[in-house]
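What follows is a single structure, written as structure tokens, with notes after it.
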Amino acid sequence: MPEAAILVASCDKYSDLWTPFFRLLHRNWPDCPFPIFLGSNSIGYPDERVTSVCIGEDVSWAENLHRMLDRVPFRRVILFLEDFLLVSKVDTERIRDLVAVASGEELACLRLFPHPPPTRKIRRRAGLGELRRWDDYRVSTQTAIWDTATLRALAWPGFSAWDFEIIGSLASNEMAGRFWGVYE
């Protein structure tokens, strides 16, 4: 069983983005080894490579995310939003290695897109850096490998995605978990 799954957190009102998202995902990551889940309200996506997770009524971004995570049986998820399109080939071995690092180091989060980049290099891990306490956007909706317990702890009921980033970044300063990211 893979150590992580991909979760595309979406909702029915953005279903027009799903076809371009998944076409690009499958074109640029044809050997993706992770199960793929799409979270939505009531509309599923007709592709056997994607498991639709329909959670019902749209409440808030965070509460929807919690209900999606309830149905994705993995300790780690690679979280995507439906408008983060893969426009170049994915290095599958690199992502596998990063999932192994996130698991082995017991990271709270390992961001896969450097926006913003980490602020302190990790000498023993080439290409990786730490997102330190009080860094802007330490918590972000950019594509990342998340420990689901941390993701749940930062996605407070009623939060929008923007609240998650702003208030979640502040809340993360009080957490013991480590937040890392890639430089490229």
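Everything numeric in this text was worked out from a predicted model, so none of it was measured.
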task: Decide yes or no on salt bridge (charged side-chain N to carboxylate O under 4.0 Å, His left out) for Glu106 and Arg75, but give the supporting numbers first.
output: CA-CA 11 Å; Glu106 297 184 11; Arg75 178 166 178 231; 5.3 Å; no
Any side-chain to backbone donor/acceptor pair from [X] onto [Y]? Under 3.5 Å, distance only.
X: Asn28; Y: Leu86; value: yes
X: Asn64; Y: Trp61; value: no
X: Arg133; Y: Met175; value: yes
X: His66; Y: Ala155; value: yes
X: Lys89; Y: Arg27; value: yes
X: Arg49; Y: Pro35; value: no
X: Arg71; Y: Val53; value: no
X: Ser169; Y: Arg138; value: yes
X: Asn173; Y: Leu170; value: yes
X: Asp97; Y: Arg94; value: no

task: Would you sort out whether Asp135 and Arg132 count as a side chain to side chain contact (heavy atoms under 4.5 Å, CB included), showing the intermediate values?
output: CA-CA 6 Å; Asp135 282 350; Arg132 297 181 295 178; 3.7 Å; yes
task: If a pair satisfies side-chain hydrogen bond (donor to acceptor under 3.5 Å, both in side chains) and one of its residues is in residues 33-45, list it, with sequence neighbours excluded.
output: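 The answer is Asp12-Ser42.
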query: Stepwise, does the ring-ring contact (aromatic ring centres under 6.0 Å, His included) test hold for Phe80 with Phe21?
result: CA-CA 10 Å; Phe80 279 88; Phe21 177 90; 5.6 Å; yes
task: Using only heavy-atom distances, determine whether the side chains of Thr119 and Glu130 contain a donor-acceptor pair under 3.5 Å.
output: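 Short answer, no.
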message: Could you tell me if Thr148 and Arg76 have a donor-acceptor pair between their side chains, going purely by distance under 3.5 Å?
response: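 No pair is found: no donor N or O on one side chain lies under 3.5 Å from an acceptor on the other.
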message: Can you list everything that forms a side chain to side chain contact (heavy atoms under 4.5 Å, CB included) with Glu63? Sequence neighbours excluded, please.
response: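 With neighbours one apart ignored, the set is Val59, Ser60, Pro157.
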Going by heavy atoms in the side chains, are [X] and [Y] under 4.5 Å from each other?
X: Leu7; Y: Leu38; result: no
X: Val8; Y: Leu81; result: no
X: Val182; Y: Arg111; result: no

- prompt: With the threshold set at 4.0 Å, does a side-chain nitrogen-carboxylate oxygen contact exist between Arg178 and Glu105?
  reply: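 Glu105 and Arg178: salt-bridged.
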query: Between Asp70 and Arg152, does at least one N-O distance fall below 4.0 Å, as a salt bridge requires?
result: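 Between Arg152 and Asp70 there is a salt bridge, with a charged N closer than 4.0 Å to a carboxylate O.
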- prompt: Between Trp156 and Phe159, is the ring centre distance below 6.0 Å?
  reply: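 Yes; Phe159 has its ring centre under 6.0 Å from that of Trp156.
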Rounded to the nearest 0.5 Å, how far does [atom2] of [Y] lie from [atom1] of [X]?
X: Leu79; Y: Met68; atom1: CG; atom2: CE; answer: 9.5 Å
X: Thr141; Y: His115; atom1: OG1; atom2: NE2; answer: 9.5 Å
X: Thr51; Y: Ile36; atom1: OG1; atom2: CD1; answer: 8.5 Å

message: For Trp146 and Phe164, take the angle between the two ring planes, folded into 0 to 90°, and tell me which bin it lands in: parallel under 30, tilted 30 to 60, perpendicular over 60.
response: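 If you compare the ring of Trp146 with that of Phe164, the planes turn out tilted.
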Nearest heavy-atom neighbours spanning Ala5 and Val72: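 Nearest heavy atoms, Ala5 then Val72: CB-CG1, 4.1 Å.
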